[in-house]
Amino acid sequence: MRKRGFTLLEVMVALAILSGAVLAISEIVSGALRNHVRARELEVATLLARAKIAELEDRFETEGFRAGGETDEGTFEEEGHPEVRWRLEVATPPADLAPDGLVRALLGSDEGLAELLPSPAEAPGLAPFQAQVAALLQNALLQLAEQVKRGVREVRLTVSWPGGKSEESFTVRTTMVVLQAAGGIQ
């Protein structure tokens with residue numbers, strides 16, 4: 001019995017198929033490694049952001065908020081990640097805190113302050129005093145609105161890091177409420 005040899009063409013076709021398969025496997029492994037590295041970087045950045053938000057909560061609960069907005073930035077070098085940067089923006093939220101707006105927000109109503117007082121037909125005994133009661137109520141709501149303005153801030157923390165050819169980043173937005181700071185500073 002005689003063995004049949006392979007022709008040059010058959011060997012070249014087999015090598016082409018083998019090299020194509022190796023290239024495909026290489027691309028799959030390469031993509032998996034890139035995804036693994038990106039997932040690890042995102043996990044590190046997320047944990048650093050959570051720690052920074054917790055640190056900010058502690059600071060604001062102790063010191064209170066500054067009168068205006070504030071910005072700050074830095075790196076997580078102390079945490080062992082100097083390549084990861086953060087940028088902080090603290091701003092007064094753009095909410096309508098006039099008495100009518102505050103009542104609408106609290107009651108979920110479109111009528112505002114007018115809804116808190118009965119009409120003269122519903123309470124004829126109150127009718128002569130309704131203007132004074134409305135003024136007192138409006139004054140109390142103004143004071144409450146000022147307290148809320150001092151104690152509510154929108155906090156935006158952007159975390160960024162180098163990610164291959166471009167920079168990766170995400171932003172955490174939250175609203176923090178501190179009506180009375182532990183240190184007494186408002």
Side-chain angles (χ1 to χ4, degrees), residues 12-98 100-108 110 144-186:
M12 288 180 64
V13 168
L15 286 175
I17 292 171
L18 181 62
S19 66
V22 168
L23 181 63
I25 291 171
S26 170
E27 285 295 319
I28 291 170
V29 170
S30 172
L33 287 174
R34 277 192 307 273
N35 288 339
H36 174 73
V37 168
R38 184 172 188 281
R40 190 189 55 174
E41 290 172 345
L42 188 57
E43 179 183 22
V44 166
T46 302
L47 291 172
L48 291 170
R50 288 178 69 181
K52 188 68 171 174
I53 290 290
E55 174 189 318
L56 291 169
E57 286 175 345
D58 288 344
R59 185 180 106 198
F60 292 141
E61 286 177 2
T62 302
E63 301 173 6
F65 297 116
R66 294 184 183 159
E70 106 180 58
T71 59
D72 196 6
E73 58 185 47
T75 67
F76 289 103
E77 188 168 354
E78 290 180 10
E79 291 82 359
H81 293 279
E83 75 282 4
V84 182
R85 293 183 313 283
W86 57 268
R87 176 167 172 65
L88 172 69
E89 298 174 51
V90 180
T92 304
D96 177 16
L97 292 179
D100 274 341
L102 191 59
V103 170
R104 280 193 294 273
L106 292 173
L107 298 179
D110 291 335
L144 177 62
E146 286 303 313
Q147 182 71 18
V148 169
K149 278 187 209 179
R150 286 192 302 270
V152 176
R153 293 292 184 274
E154 181 181 335
V155 177
R156 290 182 297 274
L157 177 68
T158 301
V159 178
S160 58
W161 64 96
K165 296 177 184 176
S166 64
E167 182 172 274
E168 298 276 342
S169 69
F170 63 84
T171 300
V172 177
R173 288 185 173 93
T174 187
T175 301
M176 291 190 183
V177 179
V178 178
L179 296 179
Q180 181 65 43
I185 303 170
Q186 274 301 115

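- Aromatic ring pairs are classed by plane angle as parallel below 30°, tilted from 30° to 60° and perpendicular above 60°; the pair W161 and F170 is perpendicular.
- Between the T62 side chain and the D58 main chain, a donor and an acceptor come within less than 3.5 Å of each other.
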- request: List the steps, then state whether side chain to side chain contact (heavy atoms under 4.5 Å, CB included) holds for L88 with V155.
  value: CA-CA 7 Å; L88 172 69; V155 177; 3.6 Å; yes

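- Residues satisfying the side chain to side chain donor-acceptor pair (under 3.5 Å) test with T171, not counting sequence neighbours, are T158.
- In this structure, CG on L23 lies 11.0 Å from CG on L18, to the nearest 0.5 angstrom.
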Please list every donor-acceptor pair under 3.5 Å in which a side-chain atom of residues 78-85 meets a protein atom from a residue at least two apart or in another chain.
| unit_1 | atom_1 | unit_2 | atom_2 | d |
| --- | --- | --- | --- | --- |
| H81 | ND1 | E83 | OE2 | 3.2 |
| R85 | NH2 | E167 | OE1 | 2.1 |
| R85 | NH2 | E167 | OE2 | 3.4 |

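- Residues L157 and R173 have side chains not in contact (no heavy-atom distance under 4.5 Å, counting atoms from C-beta outward).
- Residues passing the side chain to side chain donor-acceptor pair (under 3.5 Å) test with S169, sequence neighbours excluded: none.
- Taking CZ from R156 and OG1 from T175, the interatomic distance works out to 10.0 Å, rounded to the nearest 0.5 Å.
- By the side chain to side chain donor-acceptor pair (under 3.5 Å) test, E70 is found to be paired with R59, residues two or more places apart in sequence or in another chain being considered.
- Residues satisfying the side-chain contact (heavy atoms from CB on, under 4.5 Å) criterion with M12, sequence neighbours excluded, are L8.
- Residues satisfying the side-chain contact (heavy atoms from CB on, under 4.5 Å) criterion with T71, sequence neighbours excluded, are R87, E89.
- Using a 4.5 Å heavy-atom threshold, the side chains of T46 and E41 count as separate.
- Listed by first and then second residue, the salt bridge (charged side-chain N to carboxylate O under 4.0 Å, His left out) pairs that reach into residues 25-39 are R38-E168, sequence neighbours excluded.
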task: Could you check V178 against F65 for side chain to side chain contact (heavy atoms under 4.5 Å, CB included), going step by step and ending with a plain yes or no?
output: CA-CA 8 Å; V178 178; F65 297 116; 3.8 Å; yes

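- Residues passing the side-chain contact (heavy atoms from CB on, under 4.5 Å) test with R40 are V37, sequence neighbours excluded.
- Side-chain atoms of F76 and V44, non-hydrogen and from C-beta on, never get closer than 4.5 Å to each other.
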field: Working for side chain to side chain contact (heavy atoms under 4.5 Å, CB included), residues E154 and T174
entry: CA-CA 6 Å; E154 181 181 335; T174 187; over 6 Å; no

